[in-house]
Amino acid sequence: MAVLLIAIPLLFAFVSILNKKYAFYLLALVAAFNFVFSFFLEKGMYSIGGFGPFGINLLVDQYALIGLWLLNGLFFLTVMINLKASKKLATVLIVLLAGINGLLLTNDLFNLFVFLEITGISAYLLTTENKKPVSSFNYLVQGTVGSGLYLLGLVILYSMIGTLNMSDVISRIYTIGATPTTLLLPFMLMFIGLGVEAKLLPFNSWVKGVLEKAKPLSGTLVSSVIAGTILLVFGRLLTTVMVISNADMLITIILIATIIAGEVAAFKSTRIREILLFSSIGQAGLVVYLFTHGLLMQGVLLIIANVLSKFVLFTIGASLAEAAGDEVEELRGAFKNNKLLGIGFTVAALSVTGLPLFFGFVVKLNVLLGIFGSYDLITPIIILVVSLIEGVYFIKLLMKLWYGESNVQIKNVLMTVSVLSVAVVLIVLGVYYQPMMDLVAPIKDEMIMIIQGGSF
Amino acid sequence: MKKFLALLAVIALGVGIIKTLDNNVSFPKYGEAVIESRVSNFYIKKNVTEENSEVLFGGSDYETGSANFVTSIVANYRSFDTLGEVTVLFISAFGVALLLGSKEQKRLELNFKPNFMLQVGSRALFAIIVMVGLYISIHGHLTPGGGFPGGTIIAASVLLLYLSNDKFRTNIRGFRFMQSITGALYVIIGLVGLFVSGFFLENFLGTGIVGNLFSAGIIPIVYIIIGLKVGSDFSIIIDSFLTKEVSK
Amino acid sequence: MIQIASILLVMLGLYGILTNRNIIKIIISLNIFEVGLNLFIVSLAYVEGGIDPILTSHSASSTLSFVDPLPHALVLTAIVIGVGTTALGLAFAKKIYAKYGTYELDEMGVE
Amino acid sequence: MFNTVIEVILGLLLLFLAYKAIDSKELIKSVMYLSAVSMLSVVGFALMQAPDVAVTEAVIGSGMVTALFVFTLLSRKGVKR
């Protein structure tokens with residue numbers, strides 16, 4: 001039954017082009033359906049076409065369920081907030097929803113490539129909303145090169161071990177006795193290929209062009225929903241398939257460079273959307289770093305915190321910038337007369353910096369405990385320095401936004417309500433974090449079960 | 001000069017990859033792919049459950065009746081890929097129409113006038129090309145090619161009409177309607193499979209005798225649907241490229 | 001030899017994408033990248049002395065030595081995805097040409 | 001023996017045409033070289049016993065892609081660079 005999460009949106013997408021006027025209602029209906037239906041899914045391996053491990057199957061485990069609840073929910077909220085914008089791009093958004101659910105559910109490497117392309121193409125079309133064809137074209141080229149490299153790595157892996165099914169890749173690797181060194185080339189290609197979409201260093205020059213002047217709809221979707229999906233997919237691949245033996249030196253260098261470059265650029269920049277996009281690059285680097293070091297639970301927690309806070313920050317940031325220009329100086333005192341948005345923004349910003357009483361603090365604590373556990377000393381220092389830098393530029397931003405005279409007024413009740421509700425979630429999870437811990441707990445042993453048994 | 005250095009660097013990287021692949025013990029050399037160790041051994045044996053059963057050309061009721069193994073993979077074993085694939089084309093055609101299309105369009109004045117031969121010849125050729133396209137789509141499970149090339153040939157016949165007549169514009173609403181109906185039909189066939197036998201896109205019709213036209217269950221039906229869908233996708237793309245906005 | 005040529009084609013495509021400043025040239029290099037990739041995928045499937053993966057009246061039994069059909073199915077999908085992205089890239093190129101009157105990235109000035 | 005000679009010629013020709021496609025100054029020439037590369041890749045697929053892929057690449061790769069490129073270049077006003 002899990003395939004309905006992909007089949008129904010595709011059906012609605014095909015039907016939605018018949019009549020442009022009703023396309024939006026189909027979008028709202030299918031987004032609500034996906035969000036509600038994802039709560040009724042049972043865990044298990046759903047085969048498509050009934051061919052067991054030789055066909056394509058969808059894997060629903062705790063890891064996928066968390067991704068589905070989180071991202072279908074945020075997708076629904078984002079679409080509802082920007083009603084006018086999503087009316088024009090309704091069909092593209094429905095296909096994007098199918099792509100996101102496909103990415104989270106699929107258990108087949110080539111199927112992942114196809115859904116990567118679907119999500120990519122609908123993301124390129126979403127960015128055309130910002131009326132900047134050159135940066136959308138740049139995003140298209142880098143995205144296609146990225147998925148091309150992923151396909152190259154995937155095919156070399158197939159020729160070596162003979163299967164495309166994620167869960168029995170590991171069991172075949174052991175039977176053939178392929179040592180990590182022989183598998184280094186395909187895994188490196190797949191890593192760099194996915195790194196493009198996950199905003200890692202070698203190919204992330206598209207991020208600045210796309211998100212710099214992004215409107216609330218495409219900005220929020222690209223920076224929080226699609227980024228969260230790609231990071232979750234990256235996590236699944238890095239733990240079950242691409243067992244890179246203790247994070248080869250090159251990969252660690254790429255990740256550390258991404259984290260530092262992202263945070264320093266955010267520190268230097270003076271435009272609100274630029275700060276947000278560079279900080280999301282830094283966070284993405286940190287998340288992938290955690291996955292390559294086997295800290296699966298901490299990575300998932302960081303993704304959840306990241307996606308929730310980026311959703312709030314980018315929705316408010318983009319609408320402020322659309323209303324009164326990008327420079328932080330012009331936005332001085334913007335929260336004076338839209339207090340509620342200001343509170344939501346502040347809660348999300350403080351949660352990202354990791355101050356106590358917010359969910360971000362719980363996540364940072366876990367991350368540091370995890371890294372100290374694996375007793376290498378350089379990286380915890382880097383992470384502490386990085387969160388220090390984060391704290392400085394977010395506090396600086398908040399100070400400017402709260403104090404000063406400005407007549408900016410944003411009238412969007414739906415946005416205020418949803419932003420505040422997400423902010424409340426961030427606070428509640430910060431204080432009473434036990435339910436989230438139990439939610440995340442079963443991931444570790446499920447992944448181990450997949451690696452060993454291959455049968456779920 | 002800088003470009004030349006960049007070219008050398010790229011060639012060196014290529015040779016490096018070739019070298020690492022060559023002396024990589026588990027990477028099979030060109031031509032020495034061992035099929036038995038691969039998943040596709042089961043696709044050839046057409047029997048995912050037990051080991052070695054021989055498939056004969058005239059034999060019947062195997063897992064998939066399609067004589068063409070590639071078609072059995074594309075339309076049966078890994079049919080979900082093809083569904084995703086059709087969505088990629090659908091969203092590309094929609095995107096191109098979104099980017100280039102506008103309220104009213106009129107034909108682009110190309111700087112060549114179709115001469116007499118082209119106009120007369122195209123009317124005769126149009127029917128033949130459409131028939132070839134349909135033939136290739138329908139016989140997808142017997143002969144090479146299938147829904148994708150068949151559909152593109154149908155779109156090529158539409159292109160021929162565009163080239164042979166300056167004022168010609170196809171009925172875009174018709175193609176959009178066909179595009180959405182065929183796409184919805186494909187998903188509905190999948191859902192029927194889901195309700196009939198619990199697996200999405202399951203081959204619920206009998207697989208018949210390998211080699212006959214009406215064999216292989218839903219594969220011919222799926223391929224005809226894909227052929228029509230790909231044909232309408234490309235026709236919409238061609239129309240968006242060959243028209244321009246009516247300047248107000 | 002075709003496998004070596006296809007890897008070098010992939011590299012040439014990457015070289016073309018990175019060094020060209022003309023939008024149409026970038027899309028052409030993207031296509032060369034994809035043609036090289038498809039050739040490489042099919043070259044992995046080749047078996048010396050294998051025959052086409054189709055059962056016909058004269059190659060009737062499945063015990064004959066066939067070429068691996070799975071990469072062929074993957075390439076079928078990869079080709080059509082490549083055309084999808086190329087069509088979208090060319091639509092962007094037309095829009096950029098309508099807006100800036102040139103295909104050269106350097107002559108477009110800051111957006 | 002005969003097969004390898006064809007493959008070597010094909011590989012070298014492919015690389016030469018691809019380089020010309022990337023490096024030629026005229027856009028129309030570049031498109032012509034690209035369509036030549038696509039057609040040669042069809043020969044490559046046929047040599048590697050992949051008829052399905054050869055048919056698809058012939059129709060889509062050299063047919064549709066070249067047509068789209070030519071339409072984009074035709075709709076370009078002004079001087080041909």
Side-chain angles (χ1 to χ4, degrees), chain A residues 1 3-4 6-8 10-11 13-18 46-56 58 88-89 91-92 95-96 98-99 102 106 108 110-111 113-115 117-118 121-122 124-125 128 133 156 158-165 172 176-179 181-185 189, chain B residues 17 20-21 24-28 33-43 48-49 63-64 76-88 90-95 97-99 173 176-177 179-188 190-191 193-194 197-203 229:
Chain A
M1 293 316 270
V3 84
L4 289 182
I6 304 166
I8 301 295
L10 284 183
L11 185 66
F14 291 134
V15 171
S16 71
I17 59 167
L18 283 181
Y46 295 86
S47 140
I48 290 182
F51 296 108
F54 303 103
I56 297 168
L58 305 177
K88 283 204 299 293
L89 295 164
T91 309
V92 175
V95 171
L96 177 66
T106 182
D108 183 272
F110 184 75
N111 206 351
F113 165 75
V114 172
F115 279 117
E117 281 288 331
I118 292 175
I121 288 181
S122 17
Y124 313 147
L125 286 174
T128 59
I156 296 175
Y158 169 73
S159 73
M160 285 184 193
I161 52 172
T163 176
L164 285 174
N165 196 324
R172 281 215 179 201
I176 294 166
T179 61
T181 47
T182 54
L183 292 173
L184 193 62
L185 181 65
L189 283 170
Chain B
I17 286 189
T20 43
L21 280 182
N24 187 329
V25 74
S26 53
F27 180 75
V34 177
I35 304 295
E36 278 62 36
S37 75
R38 287 189 184 178
V39 173
S40 38
N41 185 24
F42 294 98
Y43 300 143
V48 173
T49 41
E63 236 168 27
T64 67
N76 207 354
Y77 288 111
R78 298 182 65 91
S79 185
F80 201 53
D81 278 350
T82 317
L83 180 63
E85 174 17 42
V86 159
T87 327
V88 165
F90 166 75
I91 197 66
S92 297
F94 181 80
L98 187 77
L99 280 168
R173 285 200 56 72
R176 180 160 289 141
F177 181 75
Q179 185 182 16
S180 120
I181 287 301
T182 43
L185 257 180
Y186 193 10
V187 178
I188 285 165
L191 291 176
L194 187 62
S197 66
F199 299 114
F200 187 71
L201 284 176
E202 209 262 352
N203 193 344
K229 177 145 197 10

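Keep in mind that what you see is a predicted model, and the values were worked out from it rather than measured. Below, chains carry the letters A, B, ... as their sequence lines are ordered, and counting in each starts from 1.
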[X] versus chain B, the contacting section by heavy-atom distance below 4.5 Å:
{"X": "A:L185", "result": "side chain"}
{"X": "A:A13", "result": "both"}
{"X": "A:V3", "result": "side chain"}
{"X": "A:N165", "result": "neither"}
{"X": "A:I56", "result": "both"}
{"X": "A:T128", "result": "side chain"}
{"X": "A:F110", "result": "both"}

So, for B:R78 and A:L164, which heavy atoms are closest and what is the spacing to 0.1 Å?
NH1-CD1, 3.5 Å
How close do B:V187 and A:A7 get, heavy atom to heavy atom, and via which atoms?
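For B:V187 and A:A7, the tightest heavy-atom pair comes out as CG1-O, 3.6 Å.
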Looking at chain B, which one of [options] has the largest number of heavy-atom pairs inside 4.5 Å, strictly under?
{"options": "A:A98, A:S16, A:S47", "value": "A:S47"}
{"options": "A:V92, A:T106, A:L11", "value": "A:L11"}
{"options": "A:T163, A:L4, A:V15, A:D108", "value": "A:D108"}

Would you say A:L10 and B:V86 make side-chain contact, with heavy atoms under 4.5 Å?
no
How about B:T87 and A:V114: do any of their side-chain heavy atoms sit closer than 4.5 Å?
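No, side chains not in contact.
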Can you tell me how far apart [atom1] ([X]) and [atom2] ([Y]) are? Round to the nearest 0.5 Å.
{"X": "B:T20", "Y": "A:L184", "atom1": "OG1", "atom2": "CG", "result": "9.5 Å"}
{"X": "B:L21", "Y": "A:I156", "atom1": "CG", "atom2": "CD1", "result": "5.0 Å"}
{"X": "B:E85", "Y": "A:I118", "atom1": "CD", "atom2": "CD1", "result": "8.5 Å"}
{"X": "B:I181", "Y": "A:F14", "atom1": "CD1", "atom2": "CZ", "result": "11.5 Å"}
{"X": "B:Y77", "Y": "A:I48", "atom1": "OH", "atom2": "CD1", "result": "16.0 Å"}
{"X": "B:F90", "Y": "A:T91", "atom1": "CZ", "atom2": "OG1", "result": "5.5 Å"}

Would A:I6 and B:F80 count as a side chain to side chain contact (heavy atoms under 4.5 Å, CB included) if you check the C-alpha gap in whole Å, the side-chain angles of each, and the deciding distance to 0.1 Å?
CA-CA 10 Å; A:I6 304 166; B:F80 201 53; 3.8 Å; yes
Taking side chain as everything from C-beta outward and backbone as N, CA, C, O, which of these in B:I91 sits under 4.5 Å from a heavy atom of chain A? Side chain, backbone, both or neither.
both
